Amino acid sequence: MGLFDRLRGDDRPRVAFFGIDGVPYSLVADHPDEFPNLTAIAEVGSAGAIDSIVPPESSACWPSLTTGVNPGETGVYGFQDREVDSYDTYVPMGRDVQATRLWDRVQAVEGEDLQATVMNVPVTFPPQRDVQRMVSGFLSPGIDAAAYPDELRGTLEDLNYRIDVNAKLGHDEDKSDFVADAHRTLDARYEAFKHYVEQDDWNLFFGVFMTTDRVNHFLFEDYERDGEYSEEFFEFYSQVDAYLGDLRERLADDVSMVVASDHGFTTLDYEVHCNEWLEREGWLSFKDRYDVFLNRWLAKEQFLALAADDPSGPADLAPETVAYSPEPGSIVVNTADADAPGAVDDPEPVREEIADALGDLAAPDGTPLVESVEVREADVHAADLEVVPASTADRTVVCKDDFDADGEWLRRGSRELGDIADETRAYSLIPGRFYLNLEGREPRGSVDPNEYETVREDLKAALEDLEGPDGRPVADRVVTKEDAFRGDHDEIAPDLVVIPKHGFDLKAGFKGADEVFGTGPRNGMHSFDNASLFVDDPDVAVDDADLFDIAPTILDLMEIDYERSAFDGGSLVR
């Protein structure tokens, strides 16, 4: 037993969970010599491949793994979700997870002071203030904002802890810098985990190695097809296994160790641009969109000059600047006063001149770009002029915030979900989520609710018929929302989710693509099947399991009571 057990006189069993994001079970099972420590856990306990969730995307998976319920209950369906009654989208954070987290259940046990240390779990920002300690993971801005309490923040800074690897380095043809950065991130994560494992003052330790997912995205094909970086791939994973073995050795006798991934992985052959396909097949269309860069226009009209080569704000303007746009749609005249040596003594005629010029702005085809310009008094309002773009039912005009005076002041494109045309019948969000543009649900819905089932079946059939350049079907299966989700948050649930065949990575941007099928810097992609689960307890049986089984299994290992109906899965403890 650890020191903490001796001090508290508590014999309740404990659990240390280590997430290995995106690690497929077959990687370990097929290479036992490379993974001696995970193999040892499997031999003394239980291990196997488990299924992920629909959709198998980390932002949806980790809320489900840590709550034991599906996205219909967590309210998180992916990296990007849609607002209710809106085409606006948002990136889900910790506060968007609507179901009870595993560590909250542990700490809520009546009559006991049970504690949980939570480190680097995706979709936990901002950190909770009601846990023993927490550093948020993926999507956190940095340690300063992501760590609680202050003691944790200081320790992590001393250890050179990093929230995530620099994934942009993986886009380089030469992956050497990326691999080195991945090792630095992994090393710092291990040091932090080791430090708090050795504190031995928790009942549940829950930490995630996210770097495994990053390495898989950029090196997985090298592993599966013996590519240039296959050796570096195995060197990285040998270190992961060694760190897991070391952490296991440091655990007290009353601690069960659980290691799991949130989804599997496979080689990526084709990126599938789903919205491009929908547009070409007549399901999706867009309003015309024009982006107006006011500072570029002001520079062209000689109202604005820059004093810096790489401007980032008003401080980089040249003294002779007459007017500038501090934020989208606003224009400020650079007026001289007692505190500022501006270039303009009398702002009134300048306001009128700019307002008249803006009123004449038009696209090359004669389309008006400005509906109105409100001229304001500078001593009352921060902006001298407010520009209202000339948006209509079939056209979107957007004022953009950009202090770079170079480039065209007018650009066509930069489409977003809100730019879809009224006649659109369907659109897609990553990964493989398809939504009907339903009347009464979407702001400009075109699909009659009475025709919902018919239209959805037509789209489902079209997706099932979609083939890649190699003649293979793209979809392994197409799942309806009724089959995939249940809960109180189905108002933003996708109507269909495509689980793709291995090799087809489903993308969903709105900016348009040259082709439906393409390639990018990544050569690895998530899979629904072949996620990993290892438990060093012989009373656990990893058979026919999925992600939802992990939370109740951990509670059973800790001998904590719970309502069986609270989870979509069931305990794997015999």
Side-chain angles (χ1 to χ4, degrees), residues 53-57 60 71 77-78 80-82 87 89 266 268-287 415-442 444-485 490 492-520 525-529:
I53 68 164
V54 177
E57 201 275 331
Y77 291 88
Q80 179 189 36
D81 277 334
R82 180 179 61 81
Y87 291 119
T89 60
T266 188
L268 188 163
D269 296 311
Y270 300 102
E271 293 181 345
V272 186
H273 301 285
C274 296
N275 283 319
E276 182 69 23
W277 175 78
L278 287 170
E279 188 172 7
R280 295 186 183 202
E281 295 297 312
W283 290 90
L284 171 64
S285 58
F286 291 90
K287 300 187 291 183
R415 302 180 307 191
E416 299 173 357
L417 175 56
D419 298 320
I420 64 173
D422 291 357
E423 62 268 22
T424 287
R425 292 185 296 156
Y427 59 90
S428 179
L429 294 179
I430 195 171
R433 292 177 288 160
F434 289 81
Y435 298 77
L436 298 189
N437 190 30
L438 187 63
E439 182 181 340
R441 185 183 69 183
E442 271 77 359
R444 300 191 307 279
S446 65
V447 176
D448 188 323
N450 294 323
E451 300 177 355
Y452 174 82
E453 292 294 346
T454 300
V455 175
R456 186 170 68 164
E457 279 301 313
D458 289 345
L459 178 57
K460 183 173 182 287
L463 288 166
E464 290 170 339
D465 290 340
L466 177 60
E467 294 183 346
D470 56 4
R472 288 190 299 142
V474 168
D476 182 65
R477 56 195 170 102
V478 182
V479 187
T480 65
K481 72 175 183 179
E482 293 84 1
D483 289 336
F485 312 114
D490 63 352
I492 60 170
D495 299 296
L496 297 169
V497 180
V498 175
I499 304 300
K501 294 280 190 184
H502 285 194
F504 294 104
D505 194 21
L506 305 183
K507 302 296 185 182
F510 291 95
K511 295 183 179 180
D514 294 334
E515 300 291 342
V516 173
F517 296 94
T519 58
M525 57 170 280
H526 297 184
S527 68
F528 171 82
D529 61 317

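Everything numeric here is computed off the predicted structure, so don't read it as measured data.
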Are side-chain heavy atoms of His526 and Pro431 found at a separation under 4.5 Å?
no
State plainly whether the residues Lys501 and Glu467 are in salt-bridge range, i.e. N to O under 4.0 Å.
no
Taking Asp505 first and then Lys507, would you say they form a salt bridge - that is, a charged N and a carboxylate O separated by under 4.0 Å?
yes
Measure from the side-chain N and O atoms of Asn275 to the backbone N and O of Ala508, and report whether any donor-acceptor pair falls under 3.5 Å.
yes
Measure the spacing between CZ of Arg82 and CG of Leu429 and express it to the nearest 0.5 Å.
8.0 Å
Min side-chain heavy-atom separation Pro71-Ile53 under 4.5 Å:
yes
Test salt bridge (Lys or Arg N to Asp or Glu O under 4.0 Å) on Arg280 and Glu515 and set out the steps.
CA-CA 10 Å; Arg280 295 186 183 202; Glu515 300 291 342; 3.7 Å; yes
Ignoring hydrogens and angles, tell me if any N or O in the side chain of Asp422 forms a donor-acceptor pair with the backbone of Arg444 under 3.5 Å.
no
Leu506 side chain reached by Val498 side chain, heavy atoms, under 4.5 Å:
yes
I want to check something: taking the side chain as every heavy atom from C-beta on, are Phe517 and Glu271 in contact at a cut-off of under 4.5 Å?
no
Step by step, would you call Tyr87 with Asn437 a side-chain hydrogen bond (donor to acceptor under 3.5 Å, both in side chains)?
CA-CA 10 Å; Tyr87 291 119; Asn437 190 30; 2.6 Å; yes
Please tell me if the side chains of Phe504 and Asp476 come closer than 4.5 Å, counting only heavy atoms from C-beta onward.
no
Yes or no on side chain to side chain contact (heavy atoms under 4.5 Å, CB included) for Leu417 and Tyr435, after CA distance, side-chain angles and deciding distance?
CA-CA 11 Å; Leu417 175 56; Tyr435 298 77; over 6 Å; no
Nearest heavy-atom pair of Pro469 and Tyr270: which atoms, and what distance?
CG-CE2, 3.7 Å
For Val272 and Trp277: C-alpha separation, side-chain torsions, deciding distance, then whether side chain to side chain contact (heavy atoms under 4.5 Å, CB included) applies.
CA-CA 8 Å; Val272 186; Trp277 175 78; 5.7 Å; no
Within-4.5 Å side-chain heavy-atom neighbours: Phe286 and Glu279:
yes
Using salt bridge (Lys or Arg N to Asp or Glu O under 4.0 Å), reason through Lys460 and Asp458 one step at a time and then give a plain yes or no.
CA-CA 5 Å; Lys460 183 173 182 287; Asp458 289 345; over 6 Å; no
Derivation and outcome, ring pair (Phe, Tyr, Trp, His ring centres under 6.0 Å), residues Phe434 and Tyr427:
CA-CA 6 Å; Phe434 289 81; Tyr427 59 90; 9.4 Å; no
To check you understand the geometry: which heavy-atom pair defines the closest contact between Ser428 and Cys274, and what is its length?
OG-CB, 3.7 Å
Can you name the nearest heavy-atom pair linking Gly468 to Val474, along with the distance?
N-CG2, 3.9 Å
Looking only at heavy atoms, what is the nearest atom pair of Pro494 and Lys481, with distance?
O-CB, 2.9 Å
Closest heavy-atom contact between Leu278 and Ala426?
CD1-O, 3.9 Å
Is the NZ or CZ atom of Arg477 positioned over Phe528's six-membered ring, under 6.0 angstrom from the centre and within 45° of the axis?
yes
Going from NZ on Lys511 to CD on Glu276, what distance comes out if it is rounded to the nearest 0.5 angstrom?
14.5 Å
Check whether Thr89 reaches the backbone of Asp81 with its side chain - one donor and one acceptor, N or O, closer than 3.5 Å.
no
Using side-chain heavy atoms (C-beta onward) and a distance below 4.5 Å, is Asp269 in contact with Arg472?
yes
What I want to find out is whether Arg456 reaches Glu453 closely enough, with some N-O distance under 4.0 Å, to be called a salt bridge.
yes
Look at Arg441 together with Asp495 and state whether they make a salt bridge at an N to O cut-off of under 4.0 Å.
yes
Heavy atoms of other groups near Asp514 CG, more than 12 under 6.0 Å:
no
Sub-3.5 Å donor-acceptor pair from the side chain of Thr480 to the main-chain atoms of Leu496, do we have one?
no
Hey, are Asp419 and Lys287 close enough for a salt bridge, meaning a charged N less than 4.0 Å from a carboxylate O?
no
Given His502 and Asp529, is the side-chain hydrogen bond (donor to acceptor under 3.5 Å, both in side chains) satisfied, shown in steps?
CA-CA 10 Å; His502 285 194; Asp529 61 317; 3.0 Å; yes
Between the side chain of Glu442 and the main-chain N/O of Leu438, is any donor-acceptor distance below 3.5 Å?
yes
Give me the ring orientation class for Phe485 and Tyr77: parallel if the planes are under 30° apart, tilted from 30 to 60°, perpendicular past 60°.
perpendicular
So, for Pro449 and Glu439, which heavy atoms are closest and what is the spacing to 0.1 Å?
CG-O, 3.6 Å
Dump the intermediate steps for side chain to side chain contact (heavy atoms under 4.5 Å, CB included) on Val478 and Val497, then the final yes or no.
CA-CA 6 Å; Val478 182; Val497 180; over 6 Å; no
With a 4.5 Å limit on heavy-atom distance, are the side chains of Arg425 and Ser446 in contact?
yes
